[in-house]
Amino acid sequence: MNGIWEEIKTEIQNVSPHIAKSFNKPATIAHISKLERELSVHLTESMKSYLATFNGQNHNNYGITFIGGNCLLPVDEIIENYKMQLEVFADEPDLDIPENKIKPRIWTNGWIPLSDFMGITKIVLDLNPGKAGKSGQILQLWAGQDLENEDVVIAESFEEFSVQLLKHLQLKEFEFEDNAIILNDDWII
């Protein structure tokens with residue numbers, strides 16, 4: 001799995017050295033363990049491998065994003081973002097929609113934010129899926145989204161998400177504007 005994210009960085013370097021420079025150094029084993037402990041989850045091996053390659057992006061110093069307006073969150077920001085979402089939405093009732101691939105919630109335990117854009121859009125590792133979902137699936141979430149839509153799930157695993165991302169970059173299936181890579185087809189954010 002490490003190799004995929006190294007290839008992704010190489011592809012990004014070809015498009016924008018500025019974005020490539022924003023990737024943080026690897027997270028330590030202790031940092032990854034802290035993430036699991038603080039969130040009371042067991043991360044997928046592919047997610048751990050990604051974090052051991054890059055600990056998200058240093059978007060604060062570079063003022064750039066990666067996938068559309070989203071930046072990849074480092075471990076400490078994943079923890080902060082996760083806890084804030086739970087605090088804000090903990091008392092919200094289930095949404096009046098049928099449970100399908102995802103829980104009928106605005107936010108729930110086990111949704112691990114991988115990216116964020118001003119709290120509006122997120123890419124999420126779902127470790128608490130709905131009845132028809134798979135643990136480890138990747139979601140794209142944004143305000144006002146139709147959570148019944150099958151397009152909420154953009155990959156069945158973090159590994160599949162990473163492979164798809166690499167493919168989009170290698171095939172030049174994106175636009176580049178304002179220091180952001182915007183994928184043309186599969187993902188809205």
Side-chain angles (χ1 to χ4, degrees), residues 1-13 15 19-20 22-59 65-68 70-83 85 100-103 107-117 121-141 150-171 173-174 181 183 185-189:
M1 185 67 196
N2 288 16
I4 291 174
W5 279 89
E6 288 294 342
E7 288 183 64
I8 288 170
K9 184 176 181 183
T10 298
E11 292 295 325
I12 293 167
Q13 181 73 33
V15 175
I19 292 176
S22 74
F23 282 94
N24 291 323
K25 293 180 180 176
T28 64
I29 292 171
H31 219 177
I32 295 169
S33 295
K34 174 186 175 187
L35 175 62
E36 291 183 305
R37 188 176 56 256
E38 294 267 339
L39 276 51
S40 299
V41 298
H42 295 287
L43 296 174
T44 63
E45 290 305 313
S46 57
M47 178 68 183
K48 289 181 192 179
S49 179
Y50 154 71
L51 290 170
T53 306
F54 303 108
N55 185 13
Q57 287 178 274
N58 184 350
H59 55 94
T65 59
F66 175 43
I67 303 172
N70 283 256
C71 59
L72 296 171
L73 299 174
V75 167
D76 289 338
E77 289 183 39
I78 291 172
I79 294 168
E80 179 184 324
N81 193 301
Y82 179 84
K83 288 181 176 182
Q85 293 285 49
N100 191 8
K101 288 187 174 185
I102 68 168
K103 297 284 187 188
W107 193 265
T108 190
N109 288 331
W111 284 3
I112 314 303
L114 306 177
S115 74
D116 184 68
F117 174 68
T121 64
K122 295 182 187 322
I123 295 175
V124 174
L125 173 68
D126 183 1
L127 299 176
N128 185 16
K131 295 174 188 174
K134 292 184 178 182
S135 183
Q137 65 192 7
I138 303 297
L139 313 176
Q140 61 177 357
L141 301 174
E150 295 284 324
D151 292 340
V152 170
V153 177
I154 59 173
E156 291 190 14
S157 68
F158 186 77
E159 187 167 356
E160 181 182 301
F161 168 77
S162 302
V163 169
Q164 286 177 15
L165 179 57
L166 178 59
K167 178 183 160 198
H168 282 294
L169 293 168
Q170 290 172 330
L171 296 175
E173 296 174 340
F174 62 86
I181 292 173
L183 302 177
D185 295 326
D186 298 335
W187 306 324
I188 293 172
I189 53 180

Exercise for review: Given salt bridge (charged side-chain N to carboxylate O under 4.0 Å, His left out), test E45 with K48 step by step and report yes or no.
Suggested key: CA-CA 5 Å; E45 290 305 313; K48 289 181 192 179; 3.4 Å; yes

Exercise for review: For side chain to side chain contact (heavy atoms under 4.5 Å, CB included), just list the numbers for L73 and L114, CA-CA rounded to whole Å, side-chain angles, deciding distance to a tenth of an Å, and then say yes or no.
Suggested key: CA-CA 6 Å; L73 299 174; L114 306 177; over 6 Å; no

Exercise for review: Show the numbers, then the answer: is there a side chain to side chain contact (heavy atoms under 4.5 Å, CB included) between K34 and D76?
Suggested key: CA-CA 9 Å; K34 174 186 175 187; D76 289 338; 3.4 Å; yes

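F54 places a side-chain heavy atom less than 4.5 Å from the side chain of K9. Using a 4.5 Å cut-off on side-chain heavy atoms (C-beta onward), V153 and I138 make no contact. Within the 4.5 Å cutoff, no side-chain heavy atoms of W111 are placed close to those of L125. For the pair E159 and T44, the minimum side-chain heavy-atom distance is 4.5 Å or more. Considering only heavy atoms from C-beta on, L165 stays 4.5 Å or farther from I4 through its side chain. With contacts defined as side-chain heavy-atom distances shorter than 4.5 Å, the pair T10/L169 does not qualify. Between K122 and L139 the shortest side-chain heavy-atom distance does not fall below 4.5 Å. T53 has its side chain within reach of E6: a pair of non-hydrogen atoms, C-beta onward, lies under 4.5 Å apart.
Note: L39 CG to I78 CD1 = 8.0 Å, rounded to the nearest 0.5 Å. How far CG of N109 is from CG of N128: 7.0 Å, rounded to the nearest 0.5 Å. Note that the CD atom of E11 and the CD atom of Q170 stand 5.0 Å from one another [nearest 0.5 Å]. Interatomic distance, H168 NE2 to I8 CD1, rounded to the nearest 0.5 Å: 11.0 Å. With rounding to the nearest 0.5 Å, the separation of OG in S33 from CD in E38 is 11.5 Å. Atom CD1 of I112 and atom CG of L35 lie 7.0 Å apart (nearest 0.5 Å).
Between W5 and F161, the ring-plane angle classifies as tilted under the 30° and 60° cut-offs. Between W107 and Y82, the ring-plane angle classifies as perpendicular under the 30° and 60° cut-offs.
A donor-acceptor contact shorter than 3.5 Å is absent between the side chain of E7 and the backbone of L166. With E160 contributing its side chain and E156 its backbone, the two residues share a donor-acceptor pair below 3.5 Å. Looking at N55, its side chain never comes within 3.5 Å of a backbone N or O of A27 through a donor-acceptor pair. Remark: the backbone N or O of E36 is not paired with any side-chain donor or acceptor of S40 at under 3.5 angstrom. Listed for the Q57 side chain is a donor-acceptor partner under 3.5 Å among the backbone atoms of L72. Although no hydrogens or angles enter the test, the distance criterion places no donor-acceptor pair under 3.5 Å between the side chain of E77 and the main chain of P74.
Of all the heavy atoms in P129 and S135, the pair that sits closest is CG-N, 3.5 Å. Minimum interatomic distance between I154 and D151 (heavy atoms only, all atoms of both residues): CG2-O, 3.7 Å. The heavy-atom pair separating A52 from P26 by the smallest distance is O-CB, 3.0 Å.
Here K103 does not pair with D126 in a salt bridge; the nearest charged N to carboxylate O distance is not below 4.0 Å.
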